[in-house]
Amino acid sequence: INYTPTLASADLGGLITASTFVLEQPRCVFGDFPSEDIWLVVALPGAVNDFNNSLAPGTPERAFQEFPNATPAYMTLNTTLFNYPCPKTPEDITVLRVGSETSCANDASRPTCNGPLPSPGTYRVKFLAWNGSGPVAETRWSAPITLRTVKQPSSITVMGSGHSAGMIALTTILSILFAILLAGLLAMLVFWGSDTCGGSSSFSKPEAVSVRKYNTHHVYDQPAARL
Amino acid sequence: MAKSDDGIHILQGLLVFGNVVIGMCGIALTAECIYFVSDPHGLYPLLEGTENKDIYAGAWIGIFVGFALFALSILGIIGVIKADRTLLLLYIILMLITYAFEMASCITAATHRDFLTPNFFLKQMLERYQKSGTGNNNGKSVDETWDNLMLQNKCCGVHGPSDWQEYTSAFRVKHNDADFPWPRNCCVMNAQGSPVNLDGCKLGVSGYYNSNGCYDAILGPMNAHAWGVAWFGFAILCWTFCVLLGTMFYWSRIDY
């Protein structure tokens with residue numbers, strides 16, 4: 001069948017993760033095969049060329065649990081045309097999430113499990129219509145799909161302090177102001193020292209007394225005025 | 001004589017006014033720093049595990065400096081009115097010590113604010129969130145903080161949900177990738193606290209998961225904290241500088 005499976009739309013945040021990916025459903029593709037089971041084949045890229053499509057799904061050669069060590073391809077996600085109605089309503093999100101069944105991933109009694117893909121390597125998929133004894137139709141192979149490889153958090157460089165301009169300005173100005181104040185304090189202490197040496201403070205004391213004298217003058221003036 | 005009398009009175013008035021302002025600013029600084037130390041946004045656990053909580057040290061110093069400024073401003077007012085040289089000298093020296101402490105607080109807050117880059121939080125989140133096997137309170141607080149952060153601010157990760165996809169993490173060790181491409185709290189929740197559409201969330205359909213990062217929600221309060229302590233302190237110190245210069249000048253003119 002002249003159809004290539006594609007990934008779903010790119011605005012899905014979980015389009016490709018480390019162990020799953022999301023395909024568009026094959027709507028309006030298998031219209032001639034209303035009663036057959038439509039399977040999804042997931043294979044390593046190396047197995048694409050000599051892929052034997054007459055191996056039945058559910059057999060150990062096509063079991064998910066044996067993938068990728070003992071078998072280079074597995075079949076899963078079987079359904080009938082009923083679940084892929086045509087035409088597709090445009091608002092619906094019609095996707096297939098490959099790798100979403102985690103409960104049966106290690107259960108050998110469920111060889112058609114849609115388990116999470118074991119490694120982030122490259123995979124190619126195609127759809128296959130199977131009528132119980134053999135393949136009746138298949139689509140083309142998809143382009144290689146590569147899953148995400150994750151990095152270690154220790155590879156994150158925590159940027160060693162780039163000092164912002166504000167902080168540098170703040171430090172500089174405060175240091176200068178503090179230095180000026182210390183200089184002022186020193187000047188004060190020197191001034192005080194020279195004061196006591198010169199004895200001018202002792203001079204100022206009589207001045208204070210003389211100011212009081214003026215005040216008493218005024219006090220005496222007033223009773224005089226009353227009289 | 002009258003002229004310099006007036007001049008001195010004006011200087012006295014100005015110094016008293018300056019000290020009143022210092023006193024009020026001191027109280028404001030104490031109140032502001034107490035507010036920051038009380039951590040209303042619950043972000044302290046994010047810094048606690050790392051070596052970078054000195055931004056809070058700046059706030060702690062600010063509390064005590066604020067009190068000291070208030071007390072010293074009263075001393076200053078008394079000293080200026082009484083025109084007592086010893087009192088004023090004591091005032092100036094104590095003020096300089098307080099000045100030095102406040103300088104330290106401002107510079108610490110400003111410097112450590114610069115360490116809070118997105119990668120800093122990213123690394124910490126990846127290494128600590130949902131880390132199993134931590135029996136101590138430290139690990140749990142990081143979990144709770146991130147959970148609350150993601151729920152209340154409707155955000156996910158530091159840059160976005162792709163953080164959980166791009167890097168391995170303690171979370172990834174605990175939860176497999178197919179069931180939990182990102183934590184459940186990244187999903188849009190209904191009133192009961194469960195995801196509106198779990199499959200939509202796992203697929204990453206916009207509207208069912210939060211695709212924006214939490215960095216802004218973290219940085220906003222942190223910035224307010226750092227700039228509040230650093231720049232308000234800077235403003236107080238500039239004003240104090242002027243008042244202290246005036247006091248020194250007044251001191252040298254007292255027994256005119």
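The two residues B:A100 and A:F178 have their closest heavy-atom pair at CB-CZ, 3.8 Å. The shortest non-hydrogen separation linking A:M188 to B:W251 is O-CZ3, 3.5 Å. Contact between A:M167 and B:T111 at its shortest, heavy atoms only, is CE-OG1, 3.4 Å. Heavy atoms only, all atoms of each residue included: B:Y99 and A:L177 are closest at OH-CB, 3.2 Å. Closest heavy-atom contact between B:M248 and A:L181: CE-O, 3.3 Å. Nearest heavy atoms, A:S19 versus B:A178: OG-N, 3.7 Å.
If you take CG on A:L12 and CG on B:L203, they are separated by 6.0 Å, rounding to the nearest 0.5 Å. Residue B:Q165 holds its CD atom at 12.5 Å from NZ of A:K151, rounded to the nearest 0.5 Å. Separation of atoms OG (A:S175) and CD1 (B:I107) is listed at 5.0 Å; rounding is to 0.5 Å.
The greatest number of non-hydrogen atom pairs below 4.5 Å with chain B, out of A:I180, A:I16, A:V95, A:L189, is found for A:I180. Top candidate by heavy-atom pairs under 4.5 Å with chain A, chosen from B:L237, B:L126, B:L96, B:L244, is B:L96. Ranked by non-hydrogen atom pairs under 4.5 Å with chain A, the options B:W182, B:F249, B:Y167, B:W231 are led by B:Y167. No other option in B:C238, B:S211, B:G204, B:P161 has as many heavy-atom pairs under 4.5 Å with chain A as B:G204. Contact count versus chain B (heavy atoms, under 4.5 Å) is highest, among A:T17, A:L117, A:L182, A:I173, for A:T17. Of the listed residues (A:S9, A:A187, A:A18), the one with the most heavy-atom contacts under 4.5 Å to chain B is A:A18. When each of A:T20, A:L174, A:D11 is checked for heavy-atom pairs under 4.5 Å with chain B, A:L174 comes out on top.
Within residues 142-150 of chain A, the residues that have a heavy atom under 4.5 Å from a heavy atom of chain B are A:R148, A:T149, A:V150, listed by number.
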_Test side chain to side chain donor-acceptor pair (under 3.5 Å) applied to A:T102 and B:N176, step by step_ = CA-CA 9 Å; A:T102 47; B:N176 65 60; 4.5 Å; no
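Within 6.0 Å of atom OH in B:Y208, 12 or fewer heavy atoms from other residues, nucleotides or ligands are found, so the atom counts as exposed in its surroundings.
Contacts between A:I168 and chain B at a heavy-atom distance below 4.5 Å are absent for every atom of the residue.
Here the side chain of A:R97 pairs no donor or acceptor atom with the backbone of B:D199 at under 3.5 angstrom.
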